[in-house]
Engineer: 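One structure is given below, represented as structure tokens, and several questions about it will come after.
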Amino acid sequence: QVHLVESGGGLVQAGGSLRLSCAASGSSFRIADMAWYRQAPGKQRELVASITNSASTNYADSVKGRFTISRDNTKKTVYLQMNSLKPEDTAVYYCNLNIMMRTYWGQGTQVTVSS
């Protein structure tokens, strides 16, 4: 079983930065693919960024050049560095882990960007 715990969300002014963290339990983190999703009120959950077990990354067009996803396998943690935040980045951010055709989700962390 895998348990994911996100942290680092909060309230920030437009143009500011936040760093989200997602700590995973279990012994298979090193071979898992990880991702960050977000869901704004009234909208569908969308992929923000992903990182494979070989550290290949992918980003939504809306965050390219502003967000960076990274992982530390020794700490079993994935990060999302968010810079130049915009009000439209306001959402609940969810950590996602995929391994052996199974998907796990964290509980989410709120990010609010004020204008």
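In this text the structure is predicted, and so the values were computed from the model without any measurement.
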Engineer: Do D89 and M82 have side chains that get closer than 4.5 Å, going by heavy atoms?
Structural biologist: no
Engineer: Could you tell me which residues satisfy ring-ring contact (aromatic ring centres under 6.0 Å, His included) with Y94, sequence neighbours excluded, listed by chain and number?
Structural biologist: none
Engineer: Check whether I51 and L4 end up in the same hydrophobic cluster, where Ile, Leu, Val, Met, Phe, Trp and Tyr are linked by side-chain heavy atoms less than 4.5 Å apart.
Structural biologist: yes
Engineer: Is Y79 reachable from Y104 through a run of I, L, V, M, F, W or Y residues, each pair having side-chain heavy atoms under 4.5 Å apart?
Structural biologist: no
Engineer: Going by disulfide (SG to SG under 2.5 Å), name the pairs with one or both residues in residues 40-115, residues two or more places apart or in two chains.
Structural biologist: C22-C95
Engineer: Considering only NZ, NE, NH1 and NH2 on the basic side and carboxylate oxygens on the acidic side, decide whether K64 and D61 come within less than 4.0 Å.
Structural biologist: yes
Engineer: Of the non-hydrogen atoms in I69 and A35, which two are nearest, and what is the gap between them?
Structural biologist: CD1-CA, 4.3 Å
Engineer: Going through the checks in order, is the side chain to side chain contact (heavy atoms under 4.5 Å, CB included) test met by R38 and S62?
Structural biologist: CA-CA 12 Å; R38 68 186 180 187; S62 59; 3.4 Å; yes
Engineer: Looking only at atom types and distance, does a side-chain atom of Q107 sit under 3.5 Å from a main-chain N or O of V5, one as donor and one as acceptor?
Structural biologist: no
Engineer: Looking at every heavy atom in both I99 and S28, which two are closest together, and how far apart are they?
Structural biologist: CD1-CB, 3.1 Å
Engineer: CZ/R66 to CG/L85 distance, rounded to the nearest 0.5 angstrom?
Structural biologist: 6.5 Å
Engineer: Can V78 be reached from I31 by stepping across I, L, V, M, F, W or Y side chains whose heavy atoms are under 4.5 Å apart?
Structural biologist: yes
Engineer: Using a 4.5 Å cut-off on heavy atoms from C-beta on, say whether the side chain of E88 contacts that of V113.
Structural biologist: no
Engineer: Looking only at non-hydrogen atoms, find the nearest pair between D72 and F29 and report the distance.
Structural biologist: O-CE2, 3.9 Å
Engineer: Does some side-chain heavy atom of R71 sit less than 4.5 Å from a side-chain heavy atom of N73?
Structural biologist: yes
Engineer: Under a single-linkage definition using a 4.5 Å side-chain heavy-atom cutoff for Ile, Leu, Val, Met, Phe, Trp and Tyr, are V92 and W36 assigned to the same hydrophobic cluster?
Structural biologist: no
Engineer: Can you tell me how far CE of M34 sits from CG of L97, rounded to the nearest 0.5 angstrom?
Structural biologist: 4.5 Å
Engineer: For the atom pair OH (Y59) and CG (L80), what is the distance rounded to the nearest 0.5 Å?
Structural biologist: 7.5 Å
Engineer: Could you tell me whether the side chains of S54 and T52 share a donor-acceptor contact shorter than 3.5 Å?
Structural biologist: yes
Engineer: List the atom of S21, the atom of T77, and the distance in Å for their closest heavy-atom pair.
Structural biologist: CB-CG2, 4.3 Å
Engineer: Which atom names give the shortest non-hydrogen contact between N83 and S17, and what distance separates them?
Structural biologist: OD1-OG, 2.9 Å
Engineer: Taking all atoms of both residues into account, what is the closest heavy-atom pair of P87 and S115, and its distance?
Structural biologist: CG-CB, 3.8 Å
Engineer: When rounded to the nearest 0.5 angstrom, what distance separates CG in L18 from CD in Q81?
Structural biologist: 8.5 Å
Engineer: Anything under 30° is parallel, anything over 60° is perpendicular, the rest tilted; go ahead and classify Y93 against F67.
Structural biologist: tilted
